[in-house]
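All values below come from the heavy atoms of this structure, side chains included, with hydrogens, waters and symmetry mates left out. Order of the sequence lines sets the chain letters (A, B, ...), proteins ahead of strands, with each chain counted from 1.
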Number of protein chains: 2
Amino acid sequence: MDDSDDKPRSSRSTGSARLTDVARVAGVAPMTVSRALNRPELVSEGTRLRVQRAVLETGYVPNRVAGALASSRSRLVALLVPTVAHSLFAEVVQTVMGALAPQGYQVLLGLVGYTPEQEETILETVLSRRPDGIVLTGCRHSALTRQRLKSAQVPLVEIWDMTDDPLDMLVGFSHEAVGRAVAEHLLARGCRRFGLISADDSRAKRRAVGFVSALEQAGAGEYQLREVGTPSSMPWGREKSAELLDQHSLDAIVCSSDILALGVLAEAQSRGLSVPGQLAIMGFGDSSYAAASFPALSTVRIDGAAIGLRAAEHLLQRMALPAFQRAGQTLDIGFEIIDRDTT
Amino acid sequence: MDDSDDKPRSSRSTGSARLTDVARVAGVAPMTVSRALNRPELVSEGTRLRVQRAVLETGYVPNRVAGALASSRSRLVALLVPTVAHSLFAEVVQTVMGALAPQGYQVLLGLVGYTPEQEETILETVLSRRPDGIVLTGCRHSALTRQRLKSAQVPLVEIWDMTDDPLDMLVGFSHEAVGRAVAEHLLARGCRRFGLISADDSRAKRRAVGFVSALEQAGAGEYQLREVGTPSSMPWGREKSAELLDQHSLDAIVCSSDILALGVLAEAQSRGLSVPGQLAIMGFGDSSYAAASFPALSTVRIDGAAIGLRAAEHLLQRMALPAFQRAGQTLDIGFEIIDRDTT
DNA sequence: ATACAAATTGATTGCGCTAACATTCCTGGC
DNA sequence: GCCAGGAATGTTAGCGCAATCAATTTGTAT
């Protein structure tokens with residue numbers, strides 16, 4: 001219970017209370033404080049209380065940087081999405097974080113945009129934090145990215161896409177299948193002359209590919225493709241649909257996102273085209289405003305909350321495993337054509 | 001250039017390449033590798049190249065956990081917002097991250113919801129990561145939160161609100177002023193009997209308070225208030241507006257978010273009320289769908305991108321300072337009444 | 001009481017890196 | 001040739017914590 005004989009603070013110290021300060025106040029060894037805070041079941045009731053009091057008295061805030069270094073566990077999960085300025089990905093971020101927080105994991109967010117180069121850069125800095133797990137949007141990565149992920153040996157969930165060859169775990173859906181389903185839906189409605197407005201984004205492109213392949217398979221329909229930059233927006237949708245409608249006679253326009261479709265809808269209304277009578281319109285994502293537009297937008301619903309939740313669950317399960325055991329689960333979450341009033 | 005005499009890897013080591021491994025391969029001291037990677041201008045051209053080669057050869061990925069511990073610089077910024085499932089905050093997250101990434105800062109995201117208790121809990125775990133800076137939504141914090149933030153001595157920007165007594169830096173706008181401006185706008189339109197639909201969120205409530213105080217000051221108008229839970233949604237807006245319209249004769253409904261206003265709009269349309277003739281509607285936020293609804297929603301525009309950008313700039317400036325010098329800047333970013341077709 | 005296991009606490013060591021200081025290597029002016 | 005002064009590199013000593021194993025205390029069955 002004496003209070004001297006401690007090392008003077010080195011000039012490199014941060015100045016705030018450390019584990020040893022709490023230990024001194026509580027009259028126990030530093031290791032006992034560590035246990036009282038991290039594995040309280042290993043410590044007796046009385047000791048636990050004394051440590052708690054000492055923590056309050058000293059204003060101690062654990063330093064998880066040091067803890068992570070000593071234990072090789074960062075309690076950090078990296079979450080890499082293209083953007084959060086898109087309700088679909090925002091929903092994923094929200095649910096992933098909601099599922100991880102109660103288990104004591106914090107989230108290091110990375111916005112990788114839509115190019116493999118950005119992903120590569122960001123992944124490197126992310127790995128330097130030694131996350132305990134990674135959630136990564138998409139399955140198409142550069143060779144370097146794949147190699148880094150493999151050698152990092154970190155539990156990993158790829159989301160929002162589908163492949164036969166996942167790096168580890170996978171929770172998503174097939175973009176080609178979405179495209180095919182949309183094509184079949186519109187063909188069944190009698191549409192034949194299609195405009196496609198697609199973002200410059202590999203997954204949007206694969207949906208377009210799926211759409212076209214379904215047309216070919218059906219032996220029916222012709223299409224015109226327009227590409228727009230990211231981020232997608234109503235003005236893009238309006239501009240490209242104006243171009244398409246000026247140059248071609250179309251009976252349906254398929255968009256790679258709801259926001260583009262809203263732009264198309266505005267253009268159609270400004271031309272006095274009846275929707276869906278003269279022009280059918282399909283969006284993608286079932287954003288909150290899809291149901292609110294007039295007429296209500298037909299679209300493709302993706303259950304982002306389910307993707308986020310399942311991804312988090314898979315990751316938690318894997319991270320709880322003592323060693324690294326490949327389990328490589330794949331989960332196809334599917335999608336749903338929402339047939340509202342624009343098709 | 002020999003290659004033995006190194007310590008054998010302890011059983012606690014992670015197994016991946018370390019700085020010392022790179023140093024051995026490059027034939028230099030570990031400290032030189034550290035410098036070559038972090039302060040390349042201090043190292044000769046030849047050494048830098050040899051180190052780069054050695055990094056590639058060993059597949060070295062720096063361990064910033066150890067780096068942060070040794071240098072007391074985490075290169076981490078904590079970003080605390082209520083949610084990302086709301087385009088306004090998503091925009092802030094997007095711009096803050098966009099501004100910080102080029103400077104080498106990564107973002108630790110925290111979703112604090114709308115209660116001071118959640119903020120308190122999350123802040124504690126956030127501080128344990130020793131971030132170099134914090135961006136925090138709102139100015140109303142619990143006493144414990146304020147105390148922790150003060151003693152942590154971390155550069156801090158509060159955003160999305162206004163106060164005379166910021167903890168450090170502040171970039172936001174006055175919610176009371178928004179409420180007053182909305183009231184004046186609607187009074188000028190001739191509205192007198194108001195319904196307010198407000199989320200259970202302290203900032204939304206302060207907008208309502210501002211609204212009511214403007215009515216009182218004008219000596220005109222009466223109002224009915226309904227509160228909804230979070231997250232706000234169209235169904236909430238529809239339900240509460242139905243309740244209001246059943247029980248009262250109203251000529252305007254003011255909502256604490258665009259999404260609620262969309263629900264009100266749907267309810268008005270289902271009752272055959274002309275908007276804004278029989279019922280004026282105001283939203284808040286100018287979400288992307290506000291302009292797309294029919295009729296286009298009148299609302300209050302907040303420049304989330306400007307808030308995020310300025311917050312990041314202030315933080316970067318402060319973090320670049322050698323010591324901690326209080327500067328305590330406050331920036332009122334304002335707002336704009338967007339007068340579309342529902343008022 | 002005694003022996004033995006289980007529960008609890010403590011001492012030592014090192015995670016991988018960088019701050020701070022020490023040393024060596026140049027370069028050029030005299 | 002010699003030395004001042006800067007550039008480049010090296011050495012030492014932690015940062016604050018938890019893994020590991022050792023020591024001690026407590027409980028339990030005989």
Starting the side chain at C-beta, find the nucleotide from C:dA20, C:dG10, D:dC17 nearest to A:A66.
D:dC17

Please report, rounded to the nearest Å, how far the P atom of D:dT9 is from the CZ atom of B:R24.
20 Å

Can you check whether any acceptor in the base of D:dG10 is under 3.5 Å from a donor in the side chain of B:R35, or vice versa?
yes

Presence of A:T47 side-chain N/O under 4.0 Å of C:dT8 phosphate oxygens OP1/OP2:
no

Tell me the interatomic distance from A:R73, atom CZ, to D:dC17, atom P, rounded to whole angstroms.
17 Å

Between C:dC26 atom P and B:E45 atom CD, what is the distance in whole Å?
17 Å

Length of the line joining B:R18:CZ and C:dG14:C1', which is rounded to integer Å
11 Å

Picking from A:E120, A:Q147, A:R148, what satisfies side chain to side chain donor-acceptor pair (under 3.5 Å) with A:S142?
A:E120

Respond yes when some side-chain nitrogen or oxygen of B:N63 is under 4.0 Å from OP1 or OP2 of C:dC15, and no when none is.
no

Would you kindly give the CE-to-P distance between B:M31 and C:dT24, to the nearest whole Å?
18 Å

How long is the line joining CG of B:L19 and P of D:dG10, in whole Å?
12 Å

Going by atom types only, do A:Q94 and B:T83 share a side-chain donor-acceptor pair under 3.5 Å?
yes

Just the rounded figure in Å: distance from P of D:dG6 to CG of B:L42.
16 Å

Would the distance check show the side chain of B:D132 and the main-chain N or O of B:V77 forming a donor-acceptor pair, the cut-off being under 3.5 Å?
no

Within the side chain of B:D168, is there an N or O that forms a donor-acceptor pair under 3.5 Å with the backbone of B:V157?
no

Between B:S13 and C:dG16, is there a side-chain N or O to OP1/OP2 distance below 4.0 Å?
yes

Looking only at C:dT18, C:dC17, C:dC15, the nucleotide nearest the A:A70 side chain is C:dC15

Side chain of B:S34, backbone of B:P30: donor and acceptor closer than 3.5 Å?
no

Of the nucleotides D:dA18, C:dC17, C:dT18, which has the atom closest to the A:R12 side chain?
C:dT18

Contact under 4.0 Å: A:S72 side-chain N or O vs D:dA18 OP1/OP2
no

Whole angstroms only, please: what is the CG-P distance between B:L37 and C:dT18?
8 Å

Ignoring the backbone of A:L69, work out which of C:dC15, D:dT11, D:dA19 is nearest its side chain.
C:dC15

For B:V43 and A:S34, find the nucleotide of DNA chain D closest to each by heavy atoms; which residue's nucleotide sits nearer the 5' end?
B:V43

Less than 4.0 angstrom between a side-chain N/O of A:T32 and OP1 or OP2 of C:dG10, yes or no?
yes

Knowing that exactly one of A:I307, A:L136, A:V96 qualifies, which makes a side-chain contact (heavy atoms from CB on, under 4.5 Å) with A:I159?
A:I307

Does OP1 or OP2 of C:dA7 have a side-chain N or O of A:S44 closer than 4.0 Å?
no

5'-most by nearest nucleotide on DNA chain D - B:V28 or B:R130
B:V28

